[in-house]
Amino acid sequence: MKKIVLIVLGVIIGFVLLVIAVMQIRGWIYINQDNPEPSNKNITFIGKSRGFYVYGKSFQQFDGSIITASTLNDIFTDRDYISLIKLSSKGIFEWEKKIQFASKNIWTMMQSPFKSEISAPHLEILGINLQNDKYYLLLNRTNNLDNQLYILTLNSKYQLINTQKIKLELENCTNLTAFMQNSFAHLCYLDETNKMLCQAKINITDGKIIHNAMLFYQQKGLYINAIAADKADTTASISAYDKRKGCSFYMYLKSSDLKEYFRTEPTSEFTVLKYIGDKLYGIVKEDSLLEIVDMTSLRKPLIVVNDRPAFQNFRAKDIQIMNGNIYVLLQVENSKQTDWDIVVRRFAAPGEKPKDYLIQGKRLEMACEIFPTADKHFLVLGQSFSLRKGKLLKIFATVFEQ
């Protein structure tokens, strides 16, 4: 009798240990888990779920509040969600809402030599905008190189009321980059099969494609950095980067005609394009030199700032102008791949020494966007990733005084 009890007890203990091992492998529980607290006192995590947040896009509403849209893989349910987070005009977390777009089945949850992880569908937020009291999200659902675009419509209470698939052939297309405003989404991507750089204009209210302009390219290492459109949605501007030659291309579209305007010198990269008011600003990095360019006049770009930061391995991510000062959001990648920091560099009057605002922690801090907030402050949105056991990808907000 005792042998039977011991055998049963052994089987139960073995089963429990097996379940714990499987759950740890799958990421549902962690032993010696990473400390979930911020690694820096000025970092505040804003996603409340435990899982992998991938930052998408944010926009600022008329009252100054900010809506952030991201994708989320919840480690407890192993399902993919769209996460909407609202921050107040002062950058304070108010709420998070999760929308389930697609759930994984048992086959995507199992480890198998016959299934590649890249075959599992992946969600990506390309844009978010508010129009006529409705919120519109541009979502890319990709499986390998097969992309499917959707417009998700939410009501004023952030409830999903419609999902519409966009009729745009995107097989073997990469590097999807979008800009949304008013009733339109401006989408740029690379058609790898036909070697075409494409720019599509989509009406987000009905999903109709207004045009899809194309430009042939020969570069094997081309990469799209940014796209922006004027307030009237008549002209779209695009910057792309040739990794092999180390130079950038600036293109613009007007009247459905996509043209290349100029190329930068070798070792130069055009990283940011953004309309602020009626001016189109761009950021160029040449070796370790940082240049801010007013691109409003296509025939004669005006160099606004010519600066050489002490840190060399940086990449500009965003730009804002607040109270007459220029703020540039920089991703600083140090020599160690586990040590990335964020710097906001403020340029005031000509000749005045720039001021740096630093976000530095024990993790990889990745810069996303910058917004002005109330009381002469500004907000930095970013992602934090730890390579330690129990690694998580989280979204954080940091507020600084201007």
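Keep in mind that what you see is a predicted model, and the values were worked out from it rather than measured.
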Please give me the minimum heavy-atom distance between [X] and [Y], naming the atom from each residue.
{"X": "Cys188", "Y": "Ile224", "result": "SG-CD1, 3.5 Å"}
{"X": "Ile66", "Y": "Leu381", "result": "CG2-CD1, 4.4 Å"}
{"X": "Lys57", "Y": "Gly127", "result": "CG-CA, 3.7 Å"}
{"X": "Phe396", "Y": "Ile342", "result": "CZ-CD1, 3.6 Å"}
{"X": "Ser83", "Y": "Glu96", "result": "OG-OE2, 2.7 Å"}
{"X": "Phe184", "Y": "Ile204", "result": "C-CG2, 3.9 Å"}

Does a donor on one side chain sit under 3.5 Å from an acceptor on the other, for [X] and [Y]?
{"X": "Tyr189", "Y": "Asn212", "result": "yes"}
{"X": "Gln360", "Y": "Asp341", "result": "yes"}
{"X": "Asn325", "Y": "Gln402", "result": "no"}
{"X": "Asn225", "Y": "Thr271", "result": "no"}

| query | What residues, two or more places apart in sequence or in another chain, satisfy side-chain contact (heavy atoms from CB on, under 4.5 Å) together with Ser65? | reply | Gln61, Asp63, Lys86
| request: Not counting sequence neighbours, which residues clear side-chain contact (heavy atoms from CB on, under 4.5 Å) with Leu215? List them please. | output: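 If we apply the side-chain contact (heavy atoms from CB on, under 4.5 Å) test to Leu215, skipping adjacent residues, the hits are Met251, Leu258, Glu260.
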| Does the separation of the ring centres of Tyr357 and Phe378 fall below 6.0 angstrom? | yes
| Ring centroid separation Tyr241 to Tyr223 under 6.0 Å | no
| query | Val343 pairs by side-chain contact (heavy atoms from CB on, under 4.5 Å) with which of Ile359, Leu358, Val380? | reply | Leu358
| message | More than 12 heavy atoms of other residues, nucleotides or ligands under 6.0 Å from NZ of Lys48: yes or no? | response |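 Result for NZ/Lys48: enclosed.
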| Taking NZ, NE, NH1 and NH2 as the nitrogens, is one of them in Lys201 or Asp233 under 4.0 Å from a carboxylate oxygen of the other? |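 A salt bridge is absent here (no side-chain N lies under 4.0 Å from a carboxylate O).
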| said: Would Asp242 and Arg263 count as a side chain to side chain contact (heavy atoms under 4.5 Å, CB included) here? Give the steps. | reply: CA-CA 10 Å; Asp242 184 346; Arg263 304 183 186 186; over 6 Å; no
| request: Evaluate the ring planes of Phe311 and Phe314, with Trp represented by its six-membered ring, and classify them as parallel (under 30°), tilted (30 to 60°) or perpendicular (over 60°). | output: perpendicular
